[in-house]
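Residue numbers start at 1 and run along the sequence shown.
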Amino acid sequence: MASELRLKPEVTSGRSQSPLSTLWQDSITILWGDWLDLRVRLVQVAASGLVSPLIYILAFGLGLGNTMRSGMDGGNSYLEFMLPGMVALSSMTICFAGTVFSICGERLFTKNFEEMLLLPIHPLSLYLGKMMAGILRGLMTSGSVLLVAILFTGKIWSFLNPLFLLVLLLNCAIFSGLGVLVGLTVKSLESVGIYNNFIIVPMSFLGATFFDPAQLPAALKVVVYLLPLTYTSIGLRAAAYDMSQFPWYSIVVLAIAALGLSFLGARQFANQQD
């Protein structure tokens, strides 16, 4: 039935809209539905992903960091070295977890997810709307970590320049998209823990958040550079401290990953049965 409804042409008054315009407006409609629920929990969402990065900053950046140097050419302290990684880590965590639990709540508990599947809109709009809601959660939490980073370093424009924000946005898009896929496929909340333990937690420590991957042995480099968070961490670090050394390939890799997840997400929504 859902597939039949999606195939029905939309009846509009006046001039017909372009497919891209309709796709965008439908995505914003889905996002708006999530925003109505999200806006009453703004402080909770912004603070929820701040706890772990703040602990890492205090324990590693100020504790361990006082006894070592980062090894960066600019002579930055280890605290400054790891702060972009903490931004990447917080955005990954909250984008994935927030999106997964939001969709799981609708599918497994409130049981109103099927109503959304019956909407006569394109599956890609459903994916984009849910993904953008995850991006919004990630940016809110990342904003809290960015504030901490600015307070510790005093470098405002290092963390607020357009290139830094672009890499951060792509990272949020990737892990929000991954959260959509996981949220659509899991059968219980226990299954979410499996994905978290085998994907998110290992990536938190292996995604170049605490170390420079260039210094790893060749065999480990292969593993580390398979993780999208690695490209986010090195991209954010270069955008914050040394744009002349910015790895432009990281934007290409992150953009391809985000587009690939969009394709998979739209296909999953088109075939979703709840």
Side-chain angles (χ1 to χ4, degrees), residues 1-10 17-35 37 91-138 169-196 198-200 203 226-229 231-232 251-274:
M1 181 181 297
S3 301
E4 295 176 358
L5 285 173
R6 291 195 190 99
L7 293 175
K8 292 182 179 179
E10 182 179 358
Q17 295 179 324
S18 67
L20 287 179
S21 176
T22 301
L23 188 73
W24 174 251
Q25 291 183 10
D26 289 341
S27 301
I28 294 299
T29 300
I30 299 298
L31 171 62
W32 180 254
D34 277 34
W35 166 250
D37 175 65
S91 62
M92 174 189 71
T93 303
I94 198 65
C95 284
F96 177 79
T99 304
V100 168
F101 286 112
S102 174
I103 294 178
C104 283
E106 296 175 351
R107 288 183 58 230
L108 305 177
F109 295 100
T110 61
K111 301 295 184 179
N112 59 2
F113 190 75
E114 186 176 356
E115 297 176 6
M116 185 177 65
L117 294 177
L118 294 174
L119 294 174
I121 62 179
H122 196 281
L124 182 57
S125 294
L126 296 174
Y127 170 82
L128 291 176
K130 289 296 184 180
M131 184 264 290
M132 288 190 292
I135 290 177
L136 184 59
R137 294 186 186 92
L169 183 64
L170 288 173
N171 189 64
C172 290
I174 289 172
F175 289 101
S176 295
L178 183 61
V180 171
L181 287 174
V182 173
L184 290 174
T185 55
V186 295
K187 303 300 182 183
S188 65
L189 291 181
E190 288 78 7
S191 301
V192 177
I194 296 176
Y195 283 96
N196 187 71
F198 285 93
I199 297 179
I200 300 302
M203 201 180 306
L226 288 175
L227 307 176
L229 190 65
Y231 298 93
T232 301
I251 292 182
V252 176
V253 172
L254 294 174
I256 291 175
L259 290 174
L261 287 169
S262 297
F263 171 78
L264 294 175
R267 188 175 67 174
Q268 182 63 40
F269 263 112
N271 300 320
Q272 187 71 19
Q273 298 291 333
D274 273 315

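Counting heavy atoms from C-beta outward, Ser27 and His122 have side chains that stay 4.5 Å or more apart. Using a 4.5 Å heavy-atom threshold, the side chains of Val253 and Ile256 count as separate. Counting heavy atoms from C-beta on, the side chains of Met132 and Ile28 come closer than 4.5 Å.
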If you look only at distance, which donor and acceptor atoms sit under 3.5 Å apart when one is on a side chain in residues 181-191 and the other is two or more places apart or in another chain?
| unit_1 | atom_1 | unit_2 | atom_2 | d |
| --- | --- | --- | --- | --- |
| Thr185 | OG1 | Leu181 | O | 3.0 |
| Thr185 | OG1 | Val182 | O | 3.2 |
| Ser188 | OG | Glu190 | OE1 | 3.2 |
| Ser188 | OG | Ser191 | OG | 3.4 |

For residues 96-105, which side-chain donor-acceptor pairs fall under 3.5 Å, sequence neighbours excluded?
| unit_1 | atom_1 | unit_2 | atom_2 | d |
| --- | --- | --- | --- | --- |
| Thr99 | OG1 | Cys95 | O | 2.6 |
| Ser102 | OG | Arg137 | NH2 | 3.4 |

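Distance check: Ile94 CD1 to Ile135 CD1 gives 14.0 Å after rounding to the nearest 0.5 Å. Here the CZ atom belonging to Phe113 is positioned 11.0 Å from the CG atom belonging to Leu118, to the nearest 0.5 angstrom. The distance from the CD atom of Glu106 to the CG atom of Leu108 is 10.5 Å, given to the nearest 0.5 Å. Within the model, atoms CG of Leu170 and OH of Tyr231 stand 14.0 Å from one another, a figure rounded to the nearest 0.5 Å. Expressed to the nearest 0.5 Å, how far CD1 of Ile30 lies from CE of Met116 amounts to 5.5 Å. Here the straight-line distance linking atom OG of Ser176 with atom CG of Leu261 works out to 10.0 Å at 0.5 Å rounding.
No donor-acceptor pair under 3.5 Å is formed between the side chain of Asn196 and the backbone N or O of Val192.
Across all non-hydrogen atoms, the minimal contact from Leu254 to Pro228 is CD2-O, 3.6 Å. Here the closest heavy-atom approach between residue Ala133 and residue Asp34 is recorded as CB-OD2, 3.5 Å. In this structure, Lys130 and Val180 approach most closely via the heavy-atom pair CB-CG2, 3.9 Å. Taking both residues in full, the closest heavy atoms of Ala258 and Ile174 are given as N-CG1, 3.9 Å, listed atom of the first, atom of the second, then distance.
Within a 6.0 Å sphere centred on CH2 of Trp24, other residues, nucleotides and ligands contribute 12 heavy atoms or fewer.
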